[in-house]
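Encoded as structure tokens, the structure appears first; notes follow it.
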2 protein chains.
Amino acid sequence: MRTSSVDQIIIETLSKEHAHLTSLQVFEEIRSQLPAVNLSTVYRALERLVKLGKVSISDMGTGSTVYELLADGLHHHLVCQKCGNVMTIGHEEVSRFFATIQQQTQFDIVTNHLILFGTCKACQAASELQKDKTTTDN
Amino acid sequence: MRTSSVDQIIIETLSKEHAHLTSLQVFEEIRSQLPAVNLSTVYRALERLVKLGKVSISDMGTGSTVYELLADGLHHHLVCQKCGNVMTIGHEEVSRFFATIQQQTQFDIVTNHLILFGTCKACQAASELQKDKTTTDN
DNA sequence: TATTATATTGCAATTATTTGCAAATGCAAT
DNA sequence: ATTGCATTTGCAAATAATTGCAATATAATA
Ligand SMILES: [Zn+2]
Ligand SMILES: [Zn+2]
Ligand SMILES: [Zn+2]
Ligand SMILES: [Zn+2]
């Protein structure tokens, strides 16, 4: 990889933002520094950074792919499909799971930003209430 | 959901194919039975089936999203990023992992076709060889 | 510095997926 | 069969993401 490119600026941007950004958001953020940069260049730069393991790429169910800088200490997420709430979990338990799979299969897992979908506690409670309501309603 | 629609035909197709199909492949498969069907209808039908938990939707790193019928007995995959090889794993270990996370977070995980990326055994061996070669080469 | 090889970029075209909206269809109750 | 309502569909347009290729920039080498 070469040192001077959009890559560096993207990394700086992502390290400031510290969030999950879409390619378009990254594009708009870096335009202040590189007004002429092309969107496809951003896509390709992000792709490079992902391949290098510096940035995570994920579909969090929002309609477009999001990118995040991989700081030290991996994390993962639980995304509620009812309310969209995003919960963050550490790498410990995930890493134990990966280790077990690796032991069983000899496959070296590198997934660094796992996204699991489901229902958060609040929404579970809400649908429980709803169920009770339906039962007593008629 | 209504009984007569592309949904049923898609389910039949997927149960015959028993594979990971792209939306385009599904589209082409069902055209024999529904010559006039529109691609966006297929997308929407697949979306419905995914929401109903009858079909899984996944990005397996091939460039387009793939769909698969969810038969009883969930399975998951390990995808090698070097050779593209796809390994299948059962739900047991994954389910244990999910249970642990659910216990810790109260979050109910519904992910039904987990895709983990990494390097398969053969490719690990190959890169080991390569490393040795580099070391002795100079 | 001049030369060469490789990586990066812009631009336009292509592919993949989603969406708005009006028309068509299926279902159920007259 | 007719009406009323919700779902499904086609079509075109909008978004997202990827790719080919020629031009440019960078790094390494001579
Ligand atoms: Zn994250
Ligand atoms: Zn929720
Ligand atoms: Zn599968
Ligand atoms: Zn492999």
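- Taking a 4.0 Å limit (strictly below) on heavy-atom distances, residues 12-27 of chain A reaches DNA chain D at S23(A).
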Detail all sub-3.5 Å separations between protein N/O atoms and N/O atoms belonging to nucleotides 12-14 of chain C.
none

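- For the pair L46(A) CG and dA16(D) C1', the interatomic distance rounds to 13 Å; values are reported in whole Å.
- Taking 4.0 Å as the cut-off between side-chain N and carboxylate O, R96(B) and E93(B) count as a salt-bridged pair.
- Atom-to-atom, CG of L49(A) to P of dT9(C) comes out at 10 Å; the value is rounded to the nearest Å.
- Here H91(A) and H113(A) keep their ring centres 6.0 angstrom or further from each other.
- In this structure, the side chains of M87(B) and Q106(A) stay at 4.5 Å or more apart for every pair of heavy atoms.
- Per the geometry, CD belonging to Q8(B) stands 17 Å off C1' belonging to dT25(C), to the nearest Å.
- One interatomic measurement links the two molecules: CZ of R48(A) to P of dT26(D), which rounds to 13 Å at whole-angstrom precision.
- Put simply, the side chain of T62(A) never gets that close to the backbone of D59(A): no donor and acceptor are under 3.5 Å apart.
- At the heavy-atom level, A45(B) lies nowhere under 4.0 Å from the strands shown.
- In this entry the distance linking CD1 of I10(A) with P of dT8(C) reads 12 Å, nearest Å.
- A heavy-atom distance below 4.5 Å is found between the side chains of F107(B) and C80(A).
- Between T88(A) and H76(A), every side-chain heavy-atom pair lies at or beyond the 4.5 Å cut-off.
- Between the CG atom of D7(B) and the C1' atom of dT8(D) there is a distance of 9 Å, given to the nearest Å.
- Counted within 6.0 Å of CD on Q104(A), heavy atoms from surrounding residues, nucleotides or ligands total more than 12; the atom is thus considered enclosed.
- Residues L21(A) and V37(A) are members of one and the same hydrophobic cluster, defined by side-chain heavy-atom contacts under 4.5 angstrom among Ile, Leu, Val, Met, Phe, Trp and Tyr.
- The side-chain heavy atoms of L46(A) and I57(A), taken from C-beta on, include no pair separated by under 4.5 Å.
- Put simply, CD on E28(A) is 14 Å from C1' on dA16(D), counting in whole angstrom units.
- Regarding contacts with the backbone of dT17(C), a side-chain N or O of T65(B) is found under 4.0 angstrom from either OP1 or OP2.
- Look at CG on L34(B): it is 9 Å from P on dT9(D), rounded to the nearest Å.
- For T41(B), taking side-chain heavy atoms from C-beta onward, the closest of the listed nucleotides dG10(D), dT9(C), dT18(D) is dG10(D).
- For Y43(B), a side-chain nitrogen or oxygen approaches OP1 or OP2 of dT17(C) to under 4.0 Å.
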